[in-house]
Amino acid sequence: MRRLNRRKTLNLVKELDAFPKVPDSYVETSASGGTVSLIAFTTMALLTIMEFSVYQDTWMKYEYEVDKDFSSKLRINIDITVAMKCQYVGADVLDLAETMVASADGLVYEPVIFDLSPQQKEWQRMLQLIQSRLQEEHSLQDVIFKSAFKSASTAPPPREDDSSQSPDACRIRGHLYVNKVAGNFHITVGKAIPHPRGHAHLAALVNHDSNNFSHRIDHLSFGELIPGIINPLDGTEKITIDHNQMFQYFITVVPTKLHTYKISADTHQFSVTERERIINHAAGSHGVSGIFMKYDLSSLMVTVTEEHMPFWQFFVRLCGIVGGIFSTTGMLHGIGKFIVEIICCRFRLGAYKSVHSVPFEDGHTDNHLPLLENNTH
């Protein structure tokens with residue numbers, strides 16, 4: 001009884017077979033079918049390789065939300081070289097919300113030579129070339145995000161030549177912590193002196209002819225310092241011959257949370273608008289000569305996440321490629337074979353009629369064939 005039930009179950013399973021087997025003796029092959037099969041298999045292989053490369057690749061997903069963190073401090077990373085001696089310049093941050101001077105103890109004033117060495121010039125040229133490409137192709141920013149911490153530092157290389165020239169510039173580098181409100185980081189003549197109503201600079205003790213605010217921004221960023229990330233002002237160089245030149249950078253900072261398969265960091269992106277003018281009080285151009293970076297924080301926060309195609313989606317797409325190409329090529333082969341048979345049948349029928357037509361004396365033709373032939377001797 002058990003054997004009979006097992007046999008019935010096996011027969012039922014056989015009836016549900018969606019892939020019936022046809023004996024090889026009943027299968028007819030053709031050269032056209034083999035050609036179409038070869039094309040189909042080649043296309044499947046190429047598309048499978050391309051789909052696997054897409055599966056291996058990753059992309060960046062951007063999400064936006066309101067930034068609710070107002071209590072934490074904002075870090076400013078600075079590396080600027082000014083074409084003046086260090087005793088003549090001063091750098092500080094003025095908090096526009098509380099009208100107070102943020103502490104500038106994290107900055108280091110280093111006497112350097114303003115002109116770059118050949119290796120440093122090559123580094124700056126490559127950095128400016130990357131900046132120009134980033135302005136034209138914004139999608140390259142995703143590549144920079146994914147390669148963060150894997151790329152070399154964006155800091156300029158040390159001088160390779162032992163120059164005996166005395167330092168004629170000042171490199172101001174380091175970091176500051178300020179409140180997350182709008183502010184103004186500036187470098188101008190004289191050291192800063194804070195007082196209850198604001199701040200002032202000891203500019204009266206500096207000779208006016210020594211003013212030269214030609215500068216080079218090797219690095220400027222906000223938030224956590226991430227090697228390999230190139231910011232909009234990195235590599236910027238401004239040269240002036242006027243003593244009363246004012247350089248202004250209006251910066252909009254966007255808080256950014258970066259999550260990739262390599263790192264997870266809280267950083268900031270920013271956009272910048274530049275402006276420069278000559279201070280001439282007689283012509284109505286008032287102000288103070290120097291370098292002014294006015295920054296403001298956006299109320300939106302961007303979360304950048306590196307994503308990868310899941311395996312089930314890759315498997316479904318792969319099945320669609322194989323099954324779709326197999327079905328489509330089979331249909332096209334059947335349609336082509338049907339069209340060829342119709343054309344060949346017409347030619348055969350035309351040749352058949354022309355051979356068996358019987359002419360009459362009046363010019364008509366008899367297309368009917370005799371059914372019987374009398375063979376009388």
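- Contact of the T273 side chain with the K294 side chain is not registered, since no non-hydrogen atoms from C-beta on lie closer than 4.5 Å.
- Annotation for V272 and P232: closest pair CG1-CB, 4.2 Å, computed over non-hydrogen atoms.
- Linking ILVMFWY side-chain heavy atoms closer than 4.5 Å, directly or via other members, places I229 and M60 in a single hydrophobic cluster.
- For the salt bridge (charged side-chain N to carboxylate O under 4.0 Å, His left out) test, residues two or more places apart in sequence or in another chain that qualify with D67 are K180.
- Shown here are the ring pair (Phe, Tyr, Trp, His ring centres under 6.0 Å) partners of H259, two or more places apart in sequence or in another chain: there are none.
- Taking all atoms of both residues into account, the shortest heavy-atom contact from Y109 to A91 is OH-N, 3.0 Å.
- For the atom pair I172 CD1 and I217 CD1, the distance stands at 11.5 Å (nearest 0.5 Å).
- The shortest distance between side-chain heavy atoms of V322 and F41 does not fall below 4.5 Å.
- Here the straight-line distance linking atom CG of L300 with atom OG1 of T303 works out to 11.0 Å at 0.5 Å rounding.
- Partners of Q56 by side chain to side chain donor-acceptor pair (under 3.5 Å), not counting sequence neighbours: none found.
- Within the structure, salt bridge (Lys or Arg N to Asp or Glu O under 4.0 Å) contacts touching residues 44-56 (residues at least two apart or in different chains) are E51-R317.
- Contact annotation: the side chain of D234 approaches that of L127 to within less than 4.5 Å [non-hydrogen atoms, C-beta and beyond].
- A distance of 11.0 Å separates OG in S221 from NE2 in H175, rounded to the nearest 0.5 Å.
- The salt bridge (charged side-chain N to carboxylate O under 4.0 Å, His left out) search around E65 returns none, not counting sequence neighbours.
- A cation-pi arrangement is not found for R275 relative to F247, the charged atom failing to lie both closer than 6.0 Å to the ring centre and inside a 45° cone about the ring normal.
- With no hydrogens or angles considered, a side-chain donor-acceptor pair links E306 and T58 at under 3.5 Å.
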Sequence neighbours excluded and cut-off under 3.5 Å, please list the side-chain donor-acceptor pairs for residues 249-258, or say none.
from	atom 1	to	atom 2	distance (Å)
Y249	OH	H215	NE2	2.7
T256	OG1	V254	O	3.1
T256	OG1	Q269	NE2	3.2

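- Evaluation of the side chain to side chain donor-acceptor pair (under 3.5 Å) rule for E122 yields R125 as partners, not counting sequence neighbours.
- Below 30°, between 30° and 60°, or above 60°: for F311 and F315 the angle between ring planes is below 30°, a parallel geometry.
- Partners of R75 according to the salt bridge (charged side-chain N to carboxylate O under 4.0 Å, His left out) rule, which considers only residues two or more places apart in sequence or in another chain, do not exist here.
- The closest side-chain heavy-atom distance from H268 to L74 is below 4.5 Å.
- The existence of a salt bridge linking D79 and R171 is confirmed by a sub-4.0 Å separation between a basic side-chain nitrogen and an acidic carboxylate oxygen.
- By the 4.0 Å N-to-carboxylate-O rule, E274 lies close enough to K238 to be salt-bridged with it.
- Not counting sequence neighbours, the partners of S72 by the side chain to side chain donor-acceptor pair (under 3.5 Å) test are D69.
- Residues forming a ring pair (Phe, Tyr, Trp, His ring centres under 6.0 Å) with F213 (at least two apart in sequence, or on another chain): none.
- In this structure the side chain of T48 reaches within 4.5 angstrom of the side chain of L318, judged on heavy atoms.
- Taking the ring centroids of Y295 and F270, they lie at or beyond the 6.0 Å cut-off.
- D218 has a carboxylate O that lies under 4.0 Å from a charged side-chain N of R216, or vice versa, which qualifies the two as a salt bridge.
- No hydrogens or angles considered: nothing links the side chains of D242 and T240 as a donor-acceptor pair under 3.5 Å.
- Using a 4.5 Å heavy-atom threshold, the side chains of Q248 and R277 count as touching.
- Within the 4.5 Å cutoff, the side chain of N184 has no heavy atoms near those of the V93 side chain.
- The heavy-atom pair separating C86 from A169 by the smallest distance is SG-O, 4.4 Å.
- Residues forming a side chain to side chain donor-acceptor pair (under 3.5 Å) with Q119 (at least two apart in sequence, or on another chain): none.
- Residues I78 and L220 meet the side-chain proximity criterion, which asks for heavy atoms closer than 4.5 Å.
- The two atoms that bring C170 and K85 nearest to each other are CB-C, 4.2 Å, heavy atoms only.
- Between the CG atom of L176 and the CD1 atom of I76 there is a distance of 6.0 Å, given to the nearest 0.5 Å.
- Summarising the geometry of G235 relative to Q124, their closest heavy-atom pair is O-NE2, 3.6 Å, with the distance given to 0.1 Å.
- Considering only residues two or more places apart in sequence or on other chains, F292 meets the ring pair (Phe, Tyr, Trp, His ring centres under 6.0 Å) condition with H186.
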